[in-house]
Amino acid sequence: MALLGLVWLAGPAASETMSQDDFLPFDPAQAKIGQLLFYDKILSGNRNISCATCHHPSLGSADGLSLGIGEGGVGLGPERTAGSGGDRIKKRIPRNAPALWNLGHRDVRVLFHDGRVQQVDYRMWTFDTPAGERLPKGLNSILAAQALFPMTSDAEMAGQAGENEISGAIRPLVSEAWPIIAKRVRGIPDYAEMFQSALPHIETAEDVTIVDIANALAAFIGTEFQSFDSPYDAYVQTGAPLPDDAERGRQLFFGKAQCAACHNGPLFSDQGFHATGTPQFGPGRTRMHDKLPRDLGRMGTTDLVDDAYKFRTPSLRNIALTAPYGHNGAYPTLKAMIRHMANAKAERALWRPEMAQLPNAPWLADIDFILASDRLEIARQTAAVDMPSVSLTDAEIADLEAFLNALTGTSVNDLPFGVPAAVPSGLPVD
């Protein structure tokens with residue numbers, strides 16, 4: 001770690017920034033369709049939630065909550081409620097909504113907190129996903145593969161069994177729902193016409209498939225959420241100095257604090273998986289026959305005990321915009337997250353439930369923090385931590401926070417497409 005720090009103290013490396021050439025070349029016409037689909041609630045089972053609800057540009061492409069409020073919720077961001085009556089949510093989303101910045105970068109190879117969507121062959125565009133061999137062919141990127149799954153999650157977009165044709169179709173196999181979603185979309189004349197105009201292989205509305213929808217969503221996300229014009233990028237590219245506190249933070253980041261051991265490269269992520277000991281709460285992403293509402297992270301995908309409680313290293317670009325932090329949004333501020341990462345075992349013992357940003361849902365109270373009193377589970381999570389502890393002063397933590405703020409792009413509020421005024425379905429836009 002010391003050698004890594006010494007190299008960085010000597011000066012920045014161009015490999016830590018990026019340019020337009022580092023991104024997949026998506027078709028603008030597809031991206032325009034994707035923009036409308038991204039904000040259109042037609043993709044959800046009950047027509048009441050869109051991709052943008054949990055990944056809104058006004059919230060840094062996330063939702064400002066620790067655990068998302070998906071299908072059944074009302075409102076946007078921290079003001080979103082858990083719903084009421086028969087339409088209220090049945091459970092919280094088990095994990096924090098990840099930001100979408102730079103997911104169209106050519107180096108991105110794993111998505112979701114547990115990496116359950118992974119690119120395994122760059123030449124053939126093949127992916128390892130929960131759909132296995134039922135994943136449709138012709139997807140244009142790992143982003144397109146990922147886009148298929150929120151639409152078929154009961155808590156996220158599909159809805160509960162018996163509520164609509166999509167939620168009913170996912171019960172045997174998620175792949176059964178994709179043709180139904182495609183039929184919905186191509187049944188809207190404006191979408192059919194746009195797809196026919198943009199894609200030569202689509203001659204009639206009946207030719208529009210879930211692959212075309214996923215590819216359009218990927219084209220939009222991969223184009224809209226590019227960000228590589230931060231003060232740090234200017235520092236690397238032109239030598240423009242950072243503010244004094246951010247410069248001290250940069251030296252700490254690449255030196256004593258050892259942050260760059262995992263947060264490295266142009267994405268500020270090794271795209272690996274690490275057990276950081278983040279306090280767990282909520283419903284957990286449970287495994288079959290597991291009675292505890294816990295989240296075993298990467299182990300849920302690989303079934304390897306060595307992967308227990310490990311989660312994907314997030315990119316730090318625009319991190320200041322995407323609070324709360326951790327795979328479940330356990331920490332409300334960057335300072336709190338930095339403290340945890342410096343000394344996970346000590347900080348998790350100080351964590352309190354009130355630090356979580358959870359919209360009120362009294363009917364879920366019994367399960368929300370049940371793990372906080374499970375001594376054995378806490379011990380297992382703590383023992384799995386695989387990061388070294390680093391002693392940092394309050395001043396050093398403040399400097400690290402200043403450096404992370406210097407990773408915010410200057411044009412994040414000037415996106416290429418923005419929020420459409422309306423969508424072809426006529427449904428309301430968040």
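Keep in mind that what you see is a predicted model, and the values were worked out from it rather than measured. The analysis underlying the following values was restricted to heavy atoms, covering all of them including side chains, and did not include hydrogens, waters or symmetry mates.
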Quick one: closest heavy-atom pair of [X] and [Y], and the distance?
X	Y	value
Pro136	Trp178	CD-CZ3, 3.6 Å
Cys51	Leu43	SG-CD1, 4.4 Å
Val117	Pro130	CG2-CD, 4.3 Å
Ala198	Asp27	O-OD2, 4.2 Å
Cys259	Leu400	SG-CD2, 4.2 Å
Thr408	Pro231	O-CD, 3.3 Å

**Request:** Kindly confirm or rule out a cation-pi arrangement of Arg298 over Phe273, judged by NZ or CZ under 6.0 Å from the six-membered ring centre and within 45° of its axis?
**Result:** yes
**Asked** Cation over ring, Arg116 on Phe112, under 6.0 Å and within 45°?
**Response** yes
**Trace of the side chain to side chain contact (heavy atoms under 4.5 Å, CB included) decision for Phe253 with His263** = CA-CA 9 Å; Phe253 187 95; His263 294 284; 3.7 Å; yes
Do [X] and [Y] sit within salt-bridge range, that is, some charged N less than 4.0 Å from a carboxylate O?
X	Y	answer
Lys256	Glu396	yes
Arg47	Asp40	no
Arg80	Asp63	no
Asp290	Arg294	yes
Asp430	Lys41	yes
Arg95	Asp114	yes
Arg339	Glu347	no
Asp21	Arg106	no

**Asked** Could you walk me through whether Val185 and Ile210 pass the side chain to side chain contact (heavy atoms under 4.5 Å, CB included) check?
**Response** CA-CA 9 Å; Val185 171; Ile210 195 65; over 6 Å; no
**Asked** Can you check side chain to side chain donor-acceptor pair (under 3.5 Å) on Asp212 and Thr209, steps first, answer last?
**Response** CA-CA 5 Å; Asp212 302 307; Thr209 70; 3.3 Å; yes
**Asked** So, do Phe281 and Trp351 have ring centers that fall under 6.0 Å from each other?
**Response** yes
Mind checking whether [X] and [Y] have side chains closer than 4.5 Å, heavy atoms only?
X	Y	result
Ser227	Arg317	no
Pro359	Leu65	yes
Arg348	Ile378	yes
Ile319	Tyr325	yes
Ile142	Phe127	yes
Phe220	Phe26	no
Phe403	Leu252	no
Met151	Val174	no

Under 3.5 Å, is there a donor-acceptor pair between the side chain of [X] and the main chain of [Y]?
X	Y	value
Asp229	Thr410	yes
Ser44	Asn48	yes
Trp101	Val412	no
Asp374	Glu377	yes
His55	Ser61	yes

Can [X] and [Y] be counted as having a side-chain donor-acceptor contact under 3.5 angstrom?
X	Y	answer
Asn328	Gln280	no
Glu71	Asn46	yes
Gln237	Thr17	yes
Asp233	Ser230	yes
Ser58	His56	yes
Gln226	Gln20	yes

**Item:** Tyr331 and His340: CA distance, side-chain angles, deciding distance, ring-ring contact (aromatic ring centres under 6.0 Å, His included) verdict
**Value:** CA-CA 9 Å; Tyr331 288 100; His340 175 88; 5.0 Å; yes
What distance do [X] atom [atom1] and [Y] atom [atom2] have between them, rounded to the nearest 0.5 Å?
X	Y	atom1	atom2	answer
Leu67	Asp368	CG	CG	8.0 Å
Thr152	Met157	OG1	CE	10.0 Å
Leu404	Asp399	CG	CG	11.0 Å
Leu292	Ile370	CG	CD1	8.0 Å
Ser315	Asp270	OG	CG	11.0 Å
Leu143	Leu100	CG	CG	8.0 Å

**Message:** Under the criterion side chain to side chain contact (heavy atoms under 4.5 Å, CB included), I'd like the reasoning laid out for Thr276 against Met341: C-alpha separation, chi angles, the key distance, then a yes or no.
**Reply:** CA-CA 7 Å; Thr276 64; Met341 295 301 288; 3.9 Å; yes
**Request:** Please indicate whether Arg287 has more than 12 foreign heavy atoms, meaning atoms of other residues, nucleotides or ligands, lying under 6.0 Å from its CZ.
**Result:** yes
**Asked** Is the number of heavy atoms from other residues, nucleotides or ligands within 6.0 Å of CG (Asp22) greater than 12?
**Response**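 Enclosed: over 12 neighbouring heavy atoms sit under 6.0 Å from CG of Asp22.
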**Request:** Apply side chain to side chain contact (heavy atoms under 4.5 Å, CB included) to Leu296 and Arg285, showing your working.
**Result:** CA-CA 7 Å; Leu296 291 170; Arg285 187 173 174 83; over 6 Å; no
**Asked** What do the steps show when you test Arg250 against Asp245 for salt bridge (Lys or Arg N to Asp or Glu O under 4.0 Å), and what is the final call?
**Response** CA-CA 9 Å; Arg250 181 191 72 83; Asp245 54 353; over 6 Å; no
**Request:** Run the numbers on Phe228 and Phe23 for ring-ring contact (aromatic ring centres under 6.0 Å, His included), then give the verdict.
**Result:** CA-CA 11 Å; Phe228 47 90; Phe23 289 81; 5.6 Å; yes
**Message:** Could you walk me through whether Tyr232 and Phe268 satisfy the ring-ring contact (aromatic ring centres under 6.0 Å, His included) test, starting with their C-alpha distance in whole Å, then the side-chain angles of each, then the deciding distance to 0.1 Å, before giving a yes or no?
**Reply:** CA-CA 12 Å; Tyr232 177 73; Phe268 280 82; 5.6 Å; yes
**Item:** Trace of the salt bridge (Lys or Arg N to Asp or Glu O under 4.0 Å) decision for Lys90 with Asp154
**Value:** CA-CA 9 Å; Lys90 305 304 185 289; Asp154 56 356; over 6 Å; no
